[in-house]
Structure formats: structure tokens, C-alpha cells
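Proteins come first, then strands; the chains are lettered A, B, ... in the order of their sequence lines, and each starts at number 1. Here the structure is a predicted model, which is why all the values come from computation and not from measurement.
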Number of protein chains: 2
Amino acid sequence: METRYKKSRQREKMLELLRATESHPSADWIYERLKKDFKNLSMGTVYRNLGILIDQGFVRKIDFGSTFDRFDANVTRHYHFVCEKCGAISDVEMPFDDALNRKAGRVGNFEVRSHRIEFFGVCRKCGK
Amino acid sequence: METRYKKSRQREKMLELLRATESHPSADWIYERLKKDFKNLSMGTVYRNLGILIDQGFVRKIDFGSTFDRFDANVTRHYHFVCEKCGAISDVEMPFDDALNRKAGRVGNFEVRSHRIEFFGVCRKCGK
DNA sequence: AGCTATAATGATAATCATTCCGAGTATTGA
DNA sequence: TCAATACTCGGAATGATTATCATTATAGCT
């Protein structure tokens, strides 16, 4: 686990790029931009360095924590709890907060139609 | 867009399965279970019917609305707004609610370490 | 400066979830 | 019963991501 990273021009430029944008880019976006400076850039390099930057705490990945989709026949509005150890998803029996949409809309000045909350932690089973 | 669905044994059984579980299953989980009743079942059938059930409002998909990961160099805790038209993600300048973790933890009786909120709607650009 | 250890690179192949296609089957309505 | 068309399986195609590997770059040491 002990890894001492060496610096790389590619990774430095990548962080610079990421810090200069607010667009929450995809790996592909980064690849296209970075290729202007490194004409032989490979996708593997982008992904590897994203992983390192995340490990270093400079970057966050915005995903669901799972590589595949999950489905729910409970179509009432409710929130989810995701166990970081076993990946189990369970419903959170907490009142749905409609006022939140208005609050966020007011702040950001856009039309908010819905929202979703995921809680992360350790479920009872994994918590021993 | 006008499609009149015919009933199918596979889809009926699928909905039954989904309604009988709280595990928020993956397509693969459904496939494995359903194969007990339909030995020649194909993955395409599972995905197609999931799409139909979602269209009919019987099932929800739990995903991020995007097929690829997105990255963020803003590592402070903040919420996101996702435009349902153009897919743009922007930050929501709203105070991060630490109390929410405790509230959810109390309700579900598990250890909540963090949470995430995504708001969905139409961004200013797309809202004409 | 050279020497050594090892992290990083680019190219390509592999993986994994998901979608698409096409020929045959099941369901519906008349 | 018949025609129209949605649904099926199976396999091939796709798209994002990850792994492999020979070569190159970086860092620390003398």
C-alpha cells in the first residue's frame, strides 16, 4: 500500500486543467484537452492519474459507488443508505423533504424538480 | 412513442421478483433468479423489460443519470445540480447539512459517515 | 555526473455492463 | 383462424474502464 508517487508532467497538467474548470468533466473530456500538450497521450494514463489524484485527495469521483445499475420496485420517494463495505443498498425511512428543492433552486437560480439523497456508512451486518 | 405493450410471462415474473425483495438488485441478480423459471432467458430480455417496467412507472433505476464517471477538483463538501436536458453538473452553493447524517442514522440504526445530495431539474441555459 | 530502483508512459488487449440486431415465437384483436 | 406486431433468445456490437507490458522518466544516492 505504501506508494511514493513520482511527479509526472501529465498528471500536473491534469490537475491544473481540473482546477480551472467547474464543468465536472469526464475522463474523455480530460483526454481531449490534455492531448493538445501530449500528442501521444493514452486513455490509460488519464484513468491511472485520476486514480492517483483521488488517492491524494485532490480530486473526487462523482459516481454511485457501484459499477452497475440497481433497480427498485419501491417507487415512492425515499432516500437510500449504501454500505461502504458490502455495497448493500437499503431504504431510509425518513420523511421526504420537499422544501429542499425550493431551497436549492433559490440558491442556484435554476428550476429544481427533484432531488436524491444517498447516505454512506456501515450497515448493521458489517458493523459486527 | 405510442407503444402498446403486450404481456409477457418473463416480465410479469420479473415484477413479482422485484416487488418481493428490498435488496435493490442488479440486472444480473434478476437474470440469475429468473433463469430458474426460464432456462433459456437472455440478458437482453432482462434489460428490455426493466426499461419497460420503468416506462410503466413500476420500477426505478438508481443511477447517476450518466453512463460515464465525472470528476471534481472541488473537494470541499458540497451538493450537485444535474441538468436533465444537457447533463451539465454544477455545484449548489448551499450549506452542507451535517445534522442529516445523525438524523438518518437514528432512523435506520446504522452508522452514517457521509451523505450526498443531487438536485435534478433544468439549468438556466436549457430553460430558455 | 553516472547508477539504481521504481513509478509513469503509451499502445494494446481484456473486461464488464449494457445495448443492438435478426430470425423465430407469443399475444392481441378482429 | 388470421394478420399485425410485441416479445423471445442468442450472439454480436458498443462504450467506459481496467490490466498488461515493454520502454521511458524521475528521484535519491555516491
Side-chain angles (χ1 to χ4, degrees), chain A residues 1-18 23-56 58-72 82 87 89, chain B residues 1-18 23-56 58-72 82 87 89:
Chain A
M1 301 294 128
E2 270 293 330
T3 321
R4 279 216 310 295
Y5 297 119
K6 299 183 173 172
K7 75 171 174 182
S8 94
R9 306 172 179 293
Q10 287 87 337
R11 190 160 65 242
E12 280 170 352
K13 187 72 187 174
M14 246 177 86
L15 185 52
E16 200 180 299
L17 263 180
L18 279 163
S23 68
H24 305 74
S26 63
D28 195 62
W29 185 96
I30 297 165
Y31 175 74
E32 291 302 334
R33 298 290 179 117
L34 214 57
K35 201 154 63 174
K36 282 163 185 150
D37 292 287
F38 304 92
K39 62 181 194 310
N40 291 323
L41 183 68
S42 120
M43 255 313 198
T45 299
V46 172
Y47 279 107
R48 183 166 11 80
N49 282 323
L50 278 170
I52 292 173
L53 290 171
I54 288 168
D55 184 52
Q56 293 175 325
F58 295 134
V59 170
R60 284 235 177 96
K61 196 204 270 204
I62 311 174
D63 64 2
F64 195 66
S66 168
T67 94
F68 42 80
D69 292 341
R70 317 252 322 226
F71 301 88
D72 193 350
V82 182
I89 299 178
Chain B
M1 302 293 128
E2 267 296 328
T3 321
R4 280 215 310 295
Y5 297 119
K6 298 181 175 174
K7 76 172 174 184
S8 96
R9 306 172 179 294
Q10 288 87 338
R11 189 159 67 240
E12 280 170 353
K13 186 73 186 174
M14 247 178 86
L15 185 52
E16 200 181 300
L17 263 180
L18 279 162
S23 69
H24 305 74
S26 63
D28 195 62
W29 184 96
I30 296 165
Y31 174 74
E32 291 303 333
R33 297 290 180 118
L34 213 56
K35 201 154 63 174
K36 283 164 187 152
D37 291 287
F38 305 92
K39 63 180 195 310
N40 291 322
L41 182 68
S42 120
M43 257 312 197
T45 298
V46 172
Y47 279 107
R48 185 170 7 82
N49 282 325
L50 278 170
I52 291 173
L53 289 172
I54 288 167
D55 184 51
Q56 293 175 327
F58 295 133
V59 170
R60 284 236 177 95
K61 195 204 270 200
I62 311 175
D63 65 2
F64 195 66
S66 168
T67 96
F68 42 80
D69 291 342
R70 318 256 317 228
F71 301 89
D72 193 350
V82 181
I89 299 178

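Not a single donor-acceptor pair under 3.5 Å links the side chain of A/R11 to the backbone N or O of A/V46. At least one donor-acceptor pair under 3.5 Å links the side chain of B/N49 to the backbone N or O of B/T45. Panel note: side chain B/R70, backbone A/H24; a donor-acceptor pair is recorded below 3.5 Å.
Residue B/L41 contributes atom CG, which lies 10 Å from atom C1' of D/dT8 at whole-angstrom precision. Whole-Å rounding puts the B/L50 CG to C/dT18 C1' distance at 11 Å. As a whole-Å value, the separation of A/F68 CZ from C/dT15 P is 18 Å. C/dT18 atom P lies 6 Å from atom CZ of A/F71, rounded to whole Å. Atom-to-atom, CE of B/M14 to C1' of D/dT8 comes out at 14 Å; the value is rounded to the nearest Å. The CZ atom of A/R11 sits 11 Å away from the P atom of D/dT26 (whole-angstrom rounding). With rounding to whole Å, B/K13 atom NZ is found 19 Å from D/dC7 atom C1'. Separating the CD atom of A/E12 from the C1' atom of C/dA8 is a distance of 12 Å, rounded to the nearest angstrom.
Within the nucleic acid shown, B/D28 has no heavy atom closer than 4.0 Å to any nucleic acid atom.
For A/Y5, taking side-chain heavy atoms from C-beta onward, the closest of the listed nucleotides C/dA8, C/dT9, D/dC9 is C/dA8. When distances run from any side-chain atom of B/K6 to the nucleotides C/dT9, C/dA26, C/dT6, the shortest one goes to C/dA26. Comparing D/dT26, D/dA16, C/dG10 against the side chain of A/Y47 picks out D/dA16 as the nearest. Closest to the side chain of A/S8, out of D/dC9, C/dT27, C/dT9, is C/dT9. Among the nucleotides D/dA16, C/dT27, D/dT26, the one closest to the side chain of A/K7 is D/dT26.
Residue B/G44 is the one, among B/G44 and B/D69, whose nearest nucleotide of DNA chain D lies closer to the 5' end (criterion: closest heavy atom). Comparing A/R9 and B/T45, the nucleotide of DNA chain C nearest to each residue sits closer to the 5' end for A/R9.
Residues B/D28 and B/M43 have side chains in contact (heavy-atom distance under 4.5 Å, counting atoms from C-beta outward). Here the side chains of A/L50 and A/K61 are not in contact, with every heavy-atom distance at 4.5 Å or above. Between B/F58 and B/I52, the closest side-chain pair of non-hydrogen atoms is not below 4.5 Å.
Within 3.5 Å, no donor on the side chain of B/T67 pairs with an acceptor on the base of D/dG15, nor the reverse.
Considering only side-chain N and O atoms, A/R48 lies nowhere under 4.0 angstrom from the phosphate OP1 or OP2 of D/dT18. In this model, the phosphate group of C/dG10 is approached by a side-chain N or O of A/Q10 to a distance below 4.0 Å at OP1 or OP2. Distances shorter than 4.0 Å separate none of the side-chain N or O atoms of B/R4 from OP1 or OP2 on C/dT27. Taking only side-chain nitrogens and oxygens, B/S42 never comes nearer than 4.0 Å to OP1 or OP2 of D/dT8. Note on B/N40: a side-chain N or O is less than 4.0 Å away from OP1 or OP2 of D/dG10.
Remark: A/R9 does not engage A/E12 in a salt bridge, criterion side-chain N to carboxylate O under 4.0 Å. A salt bridge between B/R60 and A/D72 is absent, with no side-chain N of the basic residue lying under 4.0 Å from a carboxylate O of the acidic one.
Five base pairs at each end of the helix from C/dA1-D/dT30 to C/dA30-D/dT1 define two local axes, and these are offset by 40° (rounded to 10°).
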